[in-house]
*Asks:* 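This is the structure I have questions about; it appears just below.
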Amino acid sequence: MTFITGHRGARNLWPENSLTGFREAIKLGCDAIEFDVHLTDAGELVVIHDPTLERTTQATGTVAALSPSERAETRLTDSQDTLPTLDEVLNILVPAGVNLHVELKVDSTGQPYPNLDRRVAERLRAHGATQRAHLTSFNLSILKSCLAHNPDIPRLVSTDSRWVEKYGGLETFFAEVRDLVDIVALRHDYFATVFDQVTQMWPKDRLCAWTVNEPEALRDWLGRGIGHLTTDRPDLALALRRSCVGAMAPSSL
């Protein structure tokens, strides 16, 4: 069975990386929920995708520059929700028993935040969530730090054609991540072009396609037998998975 991960909660249904979106994604029955973490200069772990505020909030500037009081007053775009901290998100997700894909972001200059992986791991450990979480990144240096400092927390690498080429092609990339990560997540349109090559190098149940949203594409990827699928429309993905499972069930006649 392909596990369904709600991308930033369910960003095509509710504001991305919002407490409302996370609550609603849980109700849908997502197997896992993906979200992003930045670090402020004041030391807060904040759940937001971009290193800047303009696209997804009603504020401007960098995430890193937010004071705790400013962060608490920053409303998300078209929402009454405010910008959540990692602890606030974990307080919702962990009791629900859902798996966590926690992406470790970089700052507005493209540089990793100092010790972000260790800070996030400490909060996951405090919430008793280390065995249901994957630390994720596009950046292999960040994932290597995760392995070095918290080897018990599984890791997921996200990639696309640009990142694969940066490492010298598919074979070199997969050799680089072989002992580093549990799951490899590839952008779905790129993944489709290299599917046969990739599935010869990596077990299908440890592969993920992101971000798949259209019904026809969802059906296609659900039929390919990969382990994971990340989507902005987990409602559609879950419904289609149920219909696929139902179609494969033996007749009761």
Side-chain angles (χ1 to χ4, degrees), residues 3-40 42-50 53 55-59 63 66 68-105 113 116-137 146 150 153-156 158 183 185 208 210-211 228-239:
F3 292 99
I4 306 299
T5 300
H7 188 227
R8 306 179 203 167
R11 69 185 292 257
N12 282 10
L13 300 172
W14 298 282
E16 67 177 64
N17 284 322
S18 66
L19 297 184
T20 295
F22 295 135
R23 290 188 185 100
E24 296 300 325
I26 289 167
K27 292 177 187 176
L28 289 176
C30 292
D31 302 301
I33 293 177
E34 185 269 354
F35 58 89
D36 311 278
V37 183
H38 287 265
L39 176 67
T40 69
E44 279 198 306
L45 295 168
V46 179
V47 174
I48 184 173
H49 180 270
D50 298 358
L53 298 166
R55 184 179 65 84
T56 59
T57 81
Q58 299 173 28
V63 175
L66 285 172
S69 60
E70 289 170 333
R71 192 273 314 156
E73 295 172 357
T74 298
R75 292 198 181 279
L76 303 184
T77 302
D78 300 324
S79 174
Q80 293 302 304
D81 283 26
T82 54
L83 194 57
T85 64
L86 176 60
D87 278 326
E88 289 173 333
V89 171
L90 294 178
N91 283 338
I92 291 171
L93 298 183
V94 172
V98 69
N99 291 321
L100 313 173
H101 290 186
V102 188
E103 183 166 348
L104 306 174
K105 304 302 285 187
Y113 293 99
L116 176 62
D117 60 301
R118 280 172 269 185
R119 290 170 179 257
V120 169
E122 188 275 329
R123 298 319 304 155
L124 291 173
R125 212 173 294 286
H127 285 264
T130 57
Q131 296 309 302
R132 289 194 286 106
H134 279 80
L135 297 173
T136 88
S137 181
C146 294
N150 289 281
I153 305 178
R155 294 157 302 283
L156 176 155
S158 297
I183 298 171
C208 175
W210 61 271
T211 302
H228 306 266
L229 184 154
T230 300
T231 178
D232 298 323
R233 289 295 308 268
D235 57 330
L236 286 178
L238 289 161

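What you see is a predicted model; the values in this text were computed from it and never measured.
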*Asks:* Please report the shortest heavy-atom distance between Ile4 and Asp31, naming the atom on each side.
*Replies:*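 It is N-OD2, 2.7 Å.
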
*Asks:* If you look at every heavy atom in Ala32 and His101, which pair is closest and at what distance?
*Replies:*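 That would be CB-NE2, 4.1 Å.
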
*Asks:* Does the side chain of Ile183 come within less than 4.5 Å of His134's, by heavy atoms?
*Replies:*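 Heavy-atom side-chain distance check passes, below 4.5 Å.
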
*Asks:* Can any side-chain N or O of Gln58 pair as donor or acceptor with the backbone N or O of Leu76 at less than 3.5 Å?
*Replies:*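 Pair found, side chain donor or acceptor close to backbone of Leu76.
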
*Asks:* With heavy-atom distances below 4.5 Å as the criterion, would you say the side chains of Leu83 and Leu53 are in contact?
*Replies:*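 Leu83 reaches Leu53 side chain to side chain.
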
*Asks:* Taking all heavy atoms of Ser158 and all of Trp210, pick out the closest pair and write down the distance.
*Replies:*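 For Ser158 and Trp210, the tightest heavy-atom pair comes out as CB-NE1, 4.3 Å.
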
*Asks:* Ala25 and Gly9: which non-hydrogen atoms are nearest, and at how many Å?
*Replies:*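 So the minimum-distance heavy-atom pair works out to CB-O, 3.7 Å.
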
*Asks:* Are any of the side-chain nitrogens in Glu122 or Arg119 under 4.0 Å away from the carboxylate oxygens of its partner?
*Replies:*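 So Glu122 does not pair with Arg119 through a salt bridge.
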
*Asks:* Quick one: are Arg71 and Thr40 in side-chain contact, heavy atoms under 4.5 Å?
*Replies:*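 In short, these two side chains do not touch, never coming nearer than 4.5 Å.
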
*Asks:* Quick one: list whatever passes side chain to side chain contact (heavy atoms under 4.5 Å, CB included) with Ser137, sequence neighbours left out.
*Replies:*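 In terms of side chain to side chain contact (heavy atoms under 4.5 Å, CB included), with neighbours along the sequence ignored, Ser137 is linked to Asn139, Ile142, Leu143.
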
*Asks:* Return the OG1 to CG distance between Thr5 and Leu100, rounded to the nearest 0.5 Å.
*Replies:*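 Between atom OG1 of Thr5 and atom CG of Leu100 there are 10.0 Å.
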
*Asks:* Please round to the nearest 0.5 Å and tell me the distance separating atom CG of Leu13 and atom CZ of Arg11.
*Replies:*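 Those atoms lie 11.0 Å apart.
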
*Asks:* If you compare all heavy atoms of Leu90 against all heavy atoms of Arg123, which two are closest, and at what distance to 0.1 Å?
*Replies:*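 Heavy-atom minimum between the residues: CD1-O, 4.0 Å.
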
*Asks:* Looking at side-chain heavy atoms only, is the closest gap between Leu45 and Leu39 below 4.5 Å?
*Replies:*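 The answer is yes, as the side chains (C-beta and beyond) meet within the 4.5 Å cut-off.
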
*Asks:* Would you say Asn17's side chain and Val47's backbone share a donor-acceptor pair under 3.5 angstrom?
*Replies:*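 Checked: no pair found.
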
*Asks:* Could you tell me whether the side chain of Thr82 and the main chain of Arg75 form a donor-acceptor pair under 3.5 Å?
*Replies:*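 Such a contact is absent between Thr82 side chain and Arg75 backbone.
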
*Asks:* Using the rule given for side chain to side chain contact (heavy atoms under 4.5 Å, CB included), can you reason through Asn150 versus Leu124, listing the C-alpha separation, both sets of side-chain angles and the distance that settles it, and then say yes or no?
*Replies:* CA-CA 11 Å; Asn150 289 281; Leu124 291 173; over 6 Å; no

*Asks:* Looking at Asp235 and Arg233, what are the two nearest heavy atoms and their distance?
*Replies:*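 Closest approach of Asp235 to Arg233: OD2-NH2, 2.7 Å.
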
*Asks:* Any donor and acceptor pair, going by atom type alone, linking the side chain of Arg155 with main-chain N or O of Ile153 inside 3.5 Å?
*Replies:*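 Here the side-chain-to-backbone pair exists.
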
*Asks:* Taking the side chain as C-beta and beyond, is there a heavy-atom pair between Val102 and Phe35 under 4.5 Å?
*Replies:*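 They are in contact (side-chain heavy atoms under 4.5 Å apart), so the answer is yes.
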
*Asks:* Run the side chain to side chain contact (heavy atoms under 4.5 Å, CB included) check on Val63 and Asp50 step by step: do they pass?
*Replies:* CA-CA 8 Å; Val63 175; Asp50 298 358; over 6 Å; no

*Asks:* In Å and rounded to the nearest 0.5 Å, what is the CD1 to OG1 distance from Ile33 to Thr230?
*Replies:*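 These two atoms lie 11.5 Å from each other.
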
*Asks:* Check this for me, if you would: do Arg55 and Glu16 make a salt bridge, where the nitrogen-to-carboxylate-oxygen distance has to be below 4.0 angstrom?
*Replies:*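 Salt bridge: yes.
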
*Asks:* Before giving the answer on side chain to side chain contact (heavy atoms under 4.5 Å, CB included), spell out for Thr74 and Leu66 the whole-Å C-alpha distance, their side-chain angles and the decisive distance to 0.1 Å.
*Replies:* CA-CA 9 Å; Thr74 298; Leu66 285 172; 4.0 Å; yes

*Asks:* Looking at side-chain heavy atoms only, is the closest gap between Tyr113 and Leu104 below 4.5 Å?
*Replies:*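 A side-chain contact is absent here, since even the closest heavy-atom pair is not under 4.5 Å.
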
*Asks:* Hey, mind stepping through Leu19 and Val89 against side chain to side chain contact (heavy atoms under 4.5 Å, CB included) and telling me if it holds?
*Replies:* CA-CA 7 Å; Leu19 297 184; Val89 171; 3.9 Å; yes

*Asks:* For the CG atom of Leu135 and the CD atom of Glu103, what is their distance to the nearest 0.5 Å?
*Replies:*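 It comes to 11.0 Å.
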
*Asks:* Within the side chain of Asn91, is there an N or O that forms a donor-acceptor pair under 3.5 Å with the backbone of Asp87?
*Replies:*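 Confirmed, Asn91 side chain pairs with Asp87 backbone.
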
*Asks:* Could you tell me whether a side-chain N or O of His38 sits under 3.5 Å from a main-chain N or O of Lys105, the two making a donor and an acceptor?
*Replies:*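 No.
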
*Asks:* Hey, could you give me the CG/CD distance between Leu156 and Glu34, rounded to the nearest 0.5 Å?
*Replies:*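 Taking CG in Leu156 and CD in Glu34, the distance rounds to 9.0 Å.
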
*Asks:* Does a donor on one side chain and an acceptor on the other come within less than 3.5 Å for His7 and Asp232?
*Replies:*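 Indeed, the side chains of His7 and Asp232 share at least one donor-acceptor pair under 3.5 Å.
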
*Asks:* Give a yes or no answer on whether the side chain of Asp81 reaches the backbone of Ser18 with a donor-acceptor pair at less than 3.5 Å.
*Replies:*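 No; judged by distance alone, with no hydrogens or angles, the pair does not exist.
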
